Amino acid sequence: MSSTDNLQDIPKHYDPSETEDKWYSYWEENNYFHSEPDDRESFTVVIPPPNVTGVLHMGHMLNNTIQDVLVRRARMKGFNTCWVPGTDHASIATEAKVVQKLRNKGIKKSDLSRDEFLKHAWEWTDEHGGIILQQLRKLGASCDWQRTRFTLEDELYESVIDCFIELYDRGYIYRGQRMVNWDPAAQTALSDEEVIHKEVQSKLYHVRYKIKDSDEYITIATTRPETILADTAVCVNPDDERYTHLIGKTAIIPMVNREVKIIADDYVDKEYGTGCLKITPAHDQNDYEIGVKHGLEIIDMLNADGTVAEVAGHYIGKDRFEARKLIVKDLEKQESLVKVEEMANKVGYSERTDAVIEPRLSLQWFCKMDELSKPALDNVMNDEIQFHPAKFKNSYKHWMENIRDWCISRQLWWGHRIPAWYYGDGEEEYVIARTAEEALEKAKEKSGRSDLKESEIHQDEDVLDTWFSSWLWPMSVFDPDFIKNKKGNKELEYYYPTQDLVTAPEIMFFWVARMIMAGYAFTDEKPFSNVYYHGIVRDEKRRKMSKSLGNSPDPLKLIEKYGADGTRVGMLFASPAGNDLLFDEALCEQGRNFSNKIWNAYRFLTMNMEKGVDYNPTTIIDPKNVADKWMMGRIQTTLREMEDDFSKYRLNEALKKIYSLVWDDFCDWYIEVCKADQYGENMPKENLERALGFFEMLMKMLHPFMPFITEEIWQRIQERSTEEALTISSWPEMQDELHRDSVSIFQTVQTQISSIRNIQAEMNLSPKAELNIIIKPKNGELSEQLESAEWVFRKLLPVESISFDVNADKPKASAASVVDGSEIYVPLEGLIDLEIERDRIQKEIDRLTGFLKGVEKKLSNAGFVNNAPEEVVEKERQKKEDAEMNLEKLTKQLEEFQA
RNA sequence: GGGUUCAUAGCUCAGUUGGUUAGAGCGCAUCGUUGACAUCGAUGAGGUCGGCAGUUCGAAUCUGCCUGAACCCA
């Protein structure tokens with residue numbers, strides 16, 4: 001019941017800062033977002049965990065707004081809704097930040113022990129960790145905060161170790177010497193996914209190698225001349241006639257004067273460069289493969305930090321890029337440099353440190369992908385797991401089919417330490433174990449050395465790729481022991497599989513694909529049913545928003561300026577499913593304006609309340625009131641349309657519909673017709689109660705998008721107990737009755753009113769000048785219907801008199817128009833500008849004539865009439881008839897003017 | 001180099017199985033402020049749907065080619 005007893009002056013402008021924190025605290029205090037398993041159906045979402053030390057950026061904002069909309073709607077639809085928040089440890093990113101921080105304090109990582117370093121890392125995490133989770137509350141995210149998880153917390157740490165051991169036991173994890181992507185800045189191996197290939201302008205150096213015992217030279221082309229020092233062969237295509245005579249001969253590498261064989265292999269592209277390839281097996285993936293095939297020597301000339309190693313013989317200790325400059329000069333001096341070509345070239349960069357990736361041969365841990373990927377591919381292709389939009393299935397498929405084994409070890413300390421223990425230097429001299437004790441036992445067994453001591457074994461120094469922990473996320477957040485126990489606990493049973501995963505396509509391979517693999521590997525089930533991919537947030541110049549470019553607004557400042565509601569609306573407006581989002585602050589402004597519109601609608605209703613009177617909002621409509629039935633019909637139709645939009649994850653479409661329903665239908669039309677007949681009078685009580693009833697429905701429909709203002713209005717309309725908060729209320733029921741007839745009549749009235757307003761505008765009439773309106777409906781039935789809606793005309797137009805008469809004559813000197821067969825006359829004695837009026841009518845006649853021509857052309861086409869479905873033809877006939885009727889009336893109107 | 005996606009109003013995008021006079025928001029123009037909201041209202045002007053050819057009675061929608069853009073993979 002709404003009472004005006006404590007009615008205060010409501011400010012003209014809505015101020016989100018006064019409501020948003022208040023309601024978020026209220027929601028949290030009442031634990032609305034916490035979920036426990038019960039007999040309802042579950043709706044589960046796990047957050048894509050942001051970096052523990054990260055701060056909220058625009059991408060997070062979009063990502064979490066979308067999740068919150070889905071989650072809030074599900075909650076209102078009666079699901080037991082659980083949105084699990086958390087963060088990941090972001091191994092390489094966090095470690096880089098900690099190293100930097102220590103460096104600023106003059107401490108080198110290499111001077112610290114592992115434990116000392118980790119102490120610093122945890123300090124950093126405790127200091128910065130969770131800031132982002134606090135920021136999500138500002139956005140309105142309705143997460144179950146009691147379930148907050150962190151990938152490096154003890155329980156989840158254990159899951160990752162369990163996972164490693166389980167996969168090792170199944171034969172999926174192996175250790176091996178392979179060419180990996182080496183990040184010389186972070187000094188760690190990376191997975192293929194962490195390498196970003198960028199096109200850069202580089203130089204192709206043509207360098208000639210002397211042929212031994214001959215005056216001849218062979219010229220190779222390379223973009224990396226410094227690696228010449230590690231060349232162990234020169235290779236040509238066996239079909240390349242230019243070089244056949246040299247195959248089997250010996251070339252002399254300049255600078256180092258090493259003698260190497262000239263070999264032949266199909267791999268060499270005759271067209272590229274000189275058609276002659278230098279082979280450096282230690283520093284290039286393809287060269288490595290050729291090296292293995294031809295049994296070539298492998299010379300590793302680079303240190304882990306990208307400087308030149310002693311074995312190179314020259315430029316020792318210099319950085320690889322400096323060495324490149326130096327060797328070019330020296331080759332030129334020696335007259336070995338033939339020419340330098342400019343060319344565009346793709347170079348791999350580290351996703352995290354932006355260092356140029358060095359292919360490097362090293363001993364790493366890998367996870368086999370062929371079997372794990374099989375169910376992951378099948379269940380996406382058969383839509384057991386649905387991708388929205390579905391177009392992303394293509395790139396998923398392509399990646400899955402070409403997947404290579406995953407390098408999971410990282411030469412870092414911040415992360416899950418690999419549970420491998422070595423008892424010797426041999427490649428196979430290790431055991432996999434959870435603890436040192438267990439390792440010792442296993443090592444004794446494997447080595448046959450029963451006297452082995454704990455001090456003689458040591459654990460692998462490396463940690464696992466962050467994604468090797470994140471891929472367990474949808475399972476481990478509910479049950480960290482699920483792998484160890486080979487079966488999930490009650491929580492996992494209840495919440496898993498989760499429903500929706502919301503993320504960006506750029507991490508489809510990093511995370512989504514791997515979660516799906518882990519899901520099937522450990523639970524035999526999908527981790528989620530739907531994956532909604534949203535776009536990347538870009539600025540108005542289509543540049544990706546980034547800190548370094550400085551083109552990203554601070555999300556919290558936006559929230560301060562436009563409110564969380566306004567900002568959410570702004571983000572969603574710009575966000576068609578799956579497409580990139582061109583963010584424009586103006587959209588947040590539009591969102592804020594919308595908040596203000598809602599606020600003022602409420603304010604207006606309040607201003608119509610009598611002091612001391614109680615109002616009971618109702619949605620029971622007056623069956624005689626065409627406006628009520630129209631409004632209810634519009635709400636019902638919109639509910640259906642939103643249902644459809646949500647089923648297709650078209651959130652922005654759903655938002656646009658409720659936005660338009662509130663603003664255009666409710667504010668611009670419904671409230672207007674509810675107003676009192678006379679200025680200064682209050683709205684009739686029953687009108688107000690129905691308006692409030694509708695308003696409540698609208699607030700429900702809008703709540704997932706704009707949680708704060710809707711709760712504020714909801715709580716203002718009536719006193720509510722803690723069980724009655726909007727956040728935990730139910731979504732409006734869909735009714736079968738759509739009030740189609742009333743909607744149609746009301747829409748006719750709307751069109752006629754607009755047409756009369758057009759006359760007002762075109763004739764330059766004062767909007768207040770009272771009009772005498774004569775409407776000549778196209779038939780008697782419509783006449784009666786319009787007559788019963790006369791009051792609507794009177795509410796929305798300045799009416800002196802209005803009549804509905806199928807036999808009406810057009811008064812002289814009146815403006816006229818035709819709306820769907822009905823004629824409208826507005827006598828304007830003395831006010832009318834004949835010329836303008838004639839032009840107005842002529843314009844309409846021209847338009848209709850053109851239209852009619854098209855329709856007639858269709859109908860005179862025998863092919864059309866014979867082949868098109870009957871209903872389509874019938875529709876065209878109807879169009880023709882209507883157009884002719886309207887045209888006839890307009891022509892007559894025009895004639896009368898000329899008379 | 002391989003693959004995917006896209007091209008509709010000045011801008012950002014709808015247009016779901018081929019049958020609309022091709023829509024929306026923003027922006028723009030004109031008018032309007034004595035009690036809901038100028039963070040507002042009313043009205044209006046903007047498009048030969050990238051180009052060419054084809055299929056069809058009928059193409060923004062289907063096919064091919066061309067041009068241009070974006071993304072992914074190597």
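Note that this is a predicted model, so its numbers are computed, not measured. Just so it is clear: chains get the letters A, B, ... in the order the sequence lines come, proteins before strands, and each one is counted from 1.
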*Is the count of non-hydrogen atoms from other residues, nucleotides or ligands lying under 6.0 Å from A:E871 atom CD greater than 12?*
no
_Measuring only the C1' atom in each nucleotide, how far is B:G44 from B:G54? A whole number of Å is fine._
40 Å
Below 3.5 Å between N/O atoms, which protein atoms pair up with nucleotides 19-22 of chain B? Just atom names and distances, please.
unit_1: B:U20; atom_1: OP1; unit_2: A:K858; atom_2: NZ; d: 3.3
unit_1: B:U20; atom_1: O3'; unit_2: A:K879; atom_2: NZ; d: 3.4
unit_1: B:U21; atom_1: OP1; unit_2: A:K879; atom_2: NZ; d: 2.8
unit_1: B:U21; atom_1: OP2; unit_2: A:K879; atom_2: NZ; d: 3.2
unit_1: B:U21; atom_1: O2; unit_2: A:R847; atom_2: NH1; d: 2.4
unit_1: B:U21; atom_1: N3; unit_2: A:R847; atom_2: NH1; d: 2.8

*Taking the C1' atom of each, how far is B:C73 from B:U21, in whole Å?*
46 Å
*Looking at residues at least two apart in the chain, or sitting in another chain, which of them share a side-chain hydrogen bond (donor to acceptor under 3.5 Å, both in side chains) with A:E20?*
none
*Taking atom CD of A:E888 as the centre, does the number of heavy atoms from other residues, nucleotides or ligands within less than 6.0 Å exceed 12?*
no
*Base, sugar-phosphate, or nothing for A:E653, non-hydrogen atoms under 4.0 angstrom?*
sugar-phosphate
_Distance flag, aromatic centroids of A:F666 and A:F695, threshold under 6.0 Å_ = yes
*Rounded to the nearest Å, what distance is computed from the CZ atom of residue A:F509 to the P atom of nucleotide B:C72?*
9 Å
*Hey, can you tell me if A:F509 and A:W399 have their rings parallel, tilted or perpendicular (30° and 60° cut-offs)?*
parallel
_For A:F387, ring pair (Phe, Tyr, Trp, His ring centres under 6.0 Å) partners two or more places apart_ = A:Y396, A:Y533
*For nucleotides B:G1 and B:G64, find the distance between their C1' atoms and express it as a whole number of Å.*
23 Å
*Planes under 30° and centres closer than 5.5 Å, is that true for A:H13 with the base of B:U39?*
yes
*Flag the pair A:Y14 / A:R603 as yes when at least one side-chain heavy-atom distance between them is below 4.5 Å, and no otherwise.*
no
_Rounding to an integer number of Å, can you tell me how far A:F604 CZ sits from B:A38 C1'?_
17 Å
*asked:* B:G15, OP1 or OP2 - any side-chain N/O from A:R650 closer than 4.0 Å?
replied: yes
_Once you measure the plane-to-plane angle for A:F594 and A:Y659, does it fall in the parallel (<30°), tilted (30-60°) or perpendicular (>60°) bin?_
tilted
*Do A:S817 and A:S755 get their side chains close enough for a donor-acceptor pair, meaning under 3.5 Å?*
yes
*Taking only residues two or more places apart in sequence or in another chain, which ones pass ring pair (Phe, Tyr, Trp, His ring centres under 6.0 Å) with A:F583?*
none
*asked:* When you measure from the centre of the six-membered ring of A:W599, is the NZ or CZ of A:R716 closer than 6.0 Å and no more than 45° off the axis?
replied: no
*Rounded to whole angstrom units, what separation is found between the CD1 atom of A:I507 and the P atom of B:C73?*
13 Å
_For a quick test of reading the model: is some side-chain N or O of A:N600 closer than 4.0 Å to OP1 or OP2 of B:C40?_
no
*Does the side chain of A:S660 get closer than 4.0 angstrom to OP1 or OP2 of B:A24 through an N or O atom?*
no
*Does A:E876 pair with A:K879 as a salt bridge, N-O distance under 4.0 Å?*
yes
_Residues which pass ring pair (Phe, Tyr, Trp, His ring centres under 6.0 Å) with A:F851, listed by chain and number, not counting sequence neighbours_ = none
*Please determine, for the side chain of A:N596, which listed nucleotide (B:C40, B:C37, B:A14) has the closest atom?*
B:C37
*asked:* In whole Å, measure the gap between the C1' atoms of B:G41 and B:A36 for me.
replied: 12 Å
*Measure from the side chain of A:N758, starting at C-beta and using heavy atoms only, and say which of B:C71, B:G44, B:U12 lies closest.*
B:G44
*Would you say A:R542 reaches B:U12's phosphate, i.e. side-chain N/O to OP1/OP2 under 4.0 Å?*
yes
*Which value, in whole Å, describes the distance between the P atoms of nucleotides B:U17 and B:A7?*
14 Å
_Sequence-distant partners of A:R224, salt bridge (Lys or Arg N to Asp or Glu O under 4.0 Å), two or more places apart_ = A:E226, A:E358
_Looking at A:K656, I want to see if its NZ is surrounded by more than 12 non-hydrogen atoms of other residues, nucleotides or ligands under 6.0 Å._
yes
*Rounding to the closest angstrom, what is the interatomic distance between B:G58 and B:U20 at atom P?*
14 Å
*Nearest-Å distance, CD (A:E194) to C1' (B:C72)?*
17 Å
_What's the gap between B:C72 and B:C66 when it is taken at their C1' atoms, as a whole Å value?_
24 Å
Could I get a table of every N or O pair under 3.5 Å where one atom is in the protein and the other is in nucleotides 28-32 of chain B?
none

*Could you name each residue pair satisfying side chain to side chain donor-acceptor pair (under 3.5 Å) that touches residues 847-870 of chain A, not counting sequence neighbours?*
A:E844-A:R847
*Across the strands shown, which category fits A:Y14 at heavy-atom distances under 4.0 angstrom: base, sugar-phosphate, nothing?*
nothing
*asked:* Strictly under 4.0 angstrom, non-hydrogen atoms only: write out the protein contact profile of nucleotides 2-9 of chain B, one letter per nucleotide from the 5' end, B, S or -.
replied: --SS----
*What distance, rounded to whole Å, do you find between the two P atoms, one in B:G23 and one in B:G46?*
13 Å
*asked:* If we check side chain to side chain contact (heavy atoms under 4.5 Å, CB included) with A:M58, which of these qualifies: A:N63, A:N551, A:V537, A:L581?
replied: A:V537
*asked:* List the residues meeting salt bridge (Lys or Arg N to Asp or Glu O under 4.0 Å) with A:D677, not counting sequence neighbours, and say none if there are none.
replied: A:K795
*Near-strand residues of residues 664-677 of chain A, defined as heavy-atom separation under 4.0 angstrom from RNA chain B*: A:C667, A:D668, A:E672, A:K675
*asked:* If I take atom CE in residue A:M369 and atom P in nucleotide B:C73, what distance separates them, rounded to the nearest angstrom?
replied: 16 Å
_Separation of B:A74 P from A:D284 CG (nearest whole Å)_ = 14 Å
*asked:* Between P on B:C72 and NZ on A:K198, what's the gap in Å once rounded to a whole number?
replied: 12 Å
*Remember a base hit wins even if backbone is also touched, and classify A:K12 as base, sugar-phosphate or nothing at under 4.0 Å, heavy atoms.*
sugar-phosphate
_Classify the ring geometry of A:F705 against A:F646: parallel below 30°, tilted from 30° to 60°, perpendicular beyond 60°._
tilted
*With a 4.0 Å cut-off on heavy atoms, is A:R592 in touch with a base, just the backbone sugar-phosphate, or nothing at all?*
base
*asked:* Between P on B:G35 and CE on A:M683, what's the gap in Å once rounded to a whole number?
replied: 17 Å
*Pairs counted as Watson-Crick or G-U wobble with both distances under 3.5 Å: what dot-bracket string results for RNA chain B, using | for bases tied to another strand?*
(((((((..((((.....[...)))).(((((.......))))).....(((((..]....)))))))))))).
*So what does A:S766 touch, heavy atoms closer than 4.0 Å: a base, only the sugar-phosphate, or nothing?*
nothing
*Just checking A:A586: base, sugar-phosphate only, or nothing, at a heavy-atom cut-off of under 4.0 Å?*
nothing
*B:G46: syn or anti, with syn meaning chi within 90° of zero?*
syn
*Given RNA chain B, 5'-ward residue of the pair A:D644 and A:R404, judged by closest heavy atom*: A:D644
_By nearest atom, which of the nucleotides B:A42, B:G41, B:G15 is closest to the A:R757 side chain?_
B:A42
